[in-house]
Amino acid sequence: MYSANNLLETERYKKNISRRKLANGICSPQLLIKAAKDDTNIEFLTFKLLLERIGRSPEYLEFILSEKEYSDVLKRNDIENSIFTGDYNNADALLNEYIPDIASTSPVMQMYYYRIQALLNTCGNKPNLVKAQEYILDAIYTTLPGITISNYNKYLFSTYELENILMLCKILCLLGNDKDASFILEEIYKYSLNSIQDSWLRASILPKCAYLISTYCGNYIGSGRIIDYLEQTIDLMRDEGVIYMMEPLLTNLINIYEKNGISEKVTFYVPFRDAIHELLMKYIPNLPQDSIFFRWRRASYNLDTEVFRAERARHHLSQIDLASDVFSDASSL
């Protein structure tokens, strides 16, 4: 059977990426060797990062998850939903319950812990931006050890890792260091546009990058370049059918046009922005529009028999009850 591990190994080989480079900061090269032989399975979140590092989007795939991995997905969703709704104390409690001992967990789980802590420290009535910067640097250096702005082209990136860099830039801007952030953001934008071949992955990063550039970097990046970044990103999103972050990007673009007296462009884009706003208010009124970390679409998950059994027991359903109107005979289940 053609497995996810086969896909990872085939794509790695086709792109001439060494196991050491692919695994750097995430797992050992030996794990990739064992997975290629189907001697082991790679933990779900780790696999997603590895797959994105070779330029393939997990959004196009369906996964069969073990009960443990399915439970982990639900826990991460609960943490993210708590942040979406502003229940930061609950998010922090859930995070520490999910990862009680950070020293004994995998690099990917450590990175996830640090990035959520960074986000939590930018939220609420009393954000601690200095602490947030410490956490996001920990997240970056965990899976991208030794990275600097001068050697980043030697690394492979997942969207998680690019998001971590974007969060660092946002924190730098909030701390008043928008000069360094502007330089990094332009480099990441150009990298994402030119090096990420998968259109879905590009559409996951470029809107966030363009939003940060257009919101915080006007003192160091000229309005002409910012307009180019925004128009280019909006065109990409329109081609991909992406609405997430479209309204704030259009708002920033219109504001720049107005400041520069480009009235014909304002006339063109205002109806577009208003139509997007109306659509969101009708169908997704609570969609977070300034999210650096979270996906605007989640993959669908297929569950294995272990999960069916566990969930059926948790809901106190018999096999006959669960099979009713689905299978003609409960034994099929």
Side-chain angles (χ1 to χ4, degrees), residues 1-61 63-73 75-76 95-96 98-118 135-148 150-165 167-168 191 195-198 201 293 299 301 304 306:
M1 183 177 69
Y2 191 75
S3 68
N5 291 339
N6 298 140
L7 172 64
L8 195 63
E9 181 68 7
T10 300
E11 290 298 308
R12 182 195 67 78
Y13 184 78
K14 281 167 44 178
K15 296 184 178 181
N16 196 28
I17 298 171
S18 71
R19 290 192 180 100
R20 184 175 298 278
K21 184 174 183 178
L22 177 58
N24 183 34
I26 290 183
C27 62
S28 68
Q30 288 73 24
L31 179 63
L32 298 181
I33 295 173
K34 292 177 68 176
K37 297 177 180 178
D38 283 332
D39 290 339
T40 189
N41 287 320
I42 301 174
E43 185 271 331
F44 180 57
L45 188 56
T46 299
F47 176 81
K48 288 181 68 175
L49 267 65
L50 291 169
L51 188 65
E52 289 180 351
R53 278 189 172 190
I54 59 172
R56 293 293 295 266
S57 171
E59 299 292 345
Y60 298 119
L61 304 176
F63 296 92
I64 299 175
L65 302 180
S66 68
E67 182 180 2
K68 169 66 166 59
E69 289 174 325
Y70 180 60
S71 175
D72 286 347
V73 169
K75 289 175 183 177
R76 290 194 292 269
L95 178 63
N96 286 287
Y98 177 42
I99 307 177
D101 182 10
I102 191 167
S104 64
T105 193
S106 69
V108 170
M109 287 294 100
Q110 292 177 27
M111 179 272 289
Y112 180 83
Y113 177 88
Y114 291 138
R115 77 193 236 121
I116 296 298
Q117 284 290 6
Y135 273 124
I136 203 59
L137 284 171
D138 285 340
I140 291 170
Y141 291 135
T142 296
T143 61
L144 301 169
I147 191 172
T148 67
S150 62
N151 71 1
Y152 77 93
N153 57 344
K154 297 180 181 179
Y155 289 77
L156 301 173
F157 297 96
S158 65
T159 54
Y160 266 70
E161 291 162 313
L162 289 171
E163 286 168 348
N164 289 340
I165 296 172
M167 176 53 76
L168 173 63
Y191 167 85
S195 300
I196 300 177
Q197 302 302 314
D198 185 281
L201 294 180
F293 285 163
Y301 304 105
D304 67 3
E306 188 179 2

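Sequential numbering from 1 along the given sequence is applied to the chain's residues. Just the heavy atoms: all of them, side chains too, but no hydrogens, waters or symmetry mates, feed the values below.
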task: Any chance you could measure Ile165, atom CD1, to Tyr191, atom OH, to the nearest 0.5 Å?
output: 9.0 Å
- request: Keeping the roles fixed (side chain from Glu52, backbone from Thr159), state whether a donor-acceptor pair exists under 3.5 Å.
  value: yes
- prompt: When you look at NZ of Lys34, are more than 12 heavy atoms from neighbouring residues, nucleotides or ligands closer to it than 6.0 Å?
  reply: no
message: Once rounded to the nearest 0.5 Å, what's the spacing between atom CD of Glu43 and atom CG of Asn41?
response: 11.0 Å
Interatomic spacing from CG in Leu7 to CG in Leu51 - rounded to 0.5 Å: 5.5 Å
task: Could you check if a side-chain atom of Leu45 sits within less than 4.5 angstrom of a side-chain atom of Met109, using non-hydrogen atoms only?
output: yes
query: What is the distance from atom OG of Ser71 to atom CZ of Arg76, rounded to the nearest 0.5 Å?
result: 9.5 Å
message: Taking CZ in Arg12 as the centre, count heavy atoms belonging to other residues, nucleotides or ligands within less than 6.0 Å. Is the count above 12?
response: yes
message: Can you classify the ring geometry of Tyr112 versus Tyr98 as parallel (below 30°), tilted (30 to 60°) or perpendicular (above 60°)?
response: perpendicular
Atom of Ile147, atom of Tyr141 and distance for their closest heavy-atom approach: O-CE2, 3.5 Å
task: Please confirm whether the backbone N or O of Asn6 pairs with a side-chain atom of Thr10, one donor and one acceptor, at under 3.5 Å?
output: yes
- prompt: Are the side chain of Glu161 and the backbone of Ser158 linked by a donor-acceptor contact shorter than 3.5 Å?
  reply: yes
- prompt: Is there side-chain contact between Tyr113 and Asn96, with at least one heavy-atom pair below 4.5 Å?
  reply: yes
task: Could you tell me whether Glu163 and Arg115 have a side-chain N and a carboxylate O separated by less than 4.0 Å?
output: yes
Set of side-chain hydrogen bond (donor to acceptor under 3.5 Å, both in side chains) partners for Asn153, sequence neighbours left out: none
statement: Taking every heavy atom of Phe47 against every heavy atom of Ile42, the minimum-distance pair comes out as N-CG2, 3.7 Å
- prompt: Between Phe44 and Asp72, is a side chain to side chain contact (heavy atoms under 4.5 Å, CB included) present by the stated rule, with each step listed?
  reply: CA-CA 9 Å; Phe44 180 57; Asp72 286 347; over 6 Å; no
- prompt: Minimum heavy-atom separation for Gln110 to Thr105, with atom names?
  reply: NE2-O, 3.1 Å
Contact summary for Leu156 and Arg53, nearest pair of heavy atoms: O-NE, 3.5 Å
message: For the CG atom of Leu50 and the SG atom of Cys27, what is their distance to the nearest 0.5 Å?
response: 5.0 Å
query: Any side-chain heavy atom of Tyr114 within less than 4.5 Å of one from Ile102?
result: yes
Using a 3.5 Å cut-off and no angle test, enumerate the donor-acceptor pairs between side-chain atoms of residues 14-26 and protein atoms at least two apart in sequence or in another chain.
residue : atom : partner : partner atom : Å
Lys14   : NZ   : Glu11   : OE2          : 3.0
Lys15   : NZ   : Ile54   : O            : 2.4
Ser18   : OG   : Lys21   : N            : 3.0
Arg19   : NH2  : Glu9    : OE2          : 2.8

- prompt: How are the rings of Tyr152 and Phe157 set relative to one another: parallel (under 30°), tilted (30 to 60°) or perpendicular (over 60°)?
  reply: tilted
Distance-minimising heavy-atom pair for Gly146 and Asn151: O-ND2, 3.1 Å
- prompt: Any donor and acceptor pair, going by atom type alone, linking the side chain of Tyr155 with main-chain N or O of Pro145 inside 3.5 Å?
  reply: yes
- prompt: Between CG of Asn164 and CG of Leu137, what distance do you get to the nearest 0.5 Å?
  reply: 10.0 Å
- prompt: Okay, side chain of Thr142, backbone of Asp138: is any donor-acceptor separation there less than 3.5 Å?
  reply: yes
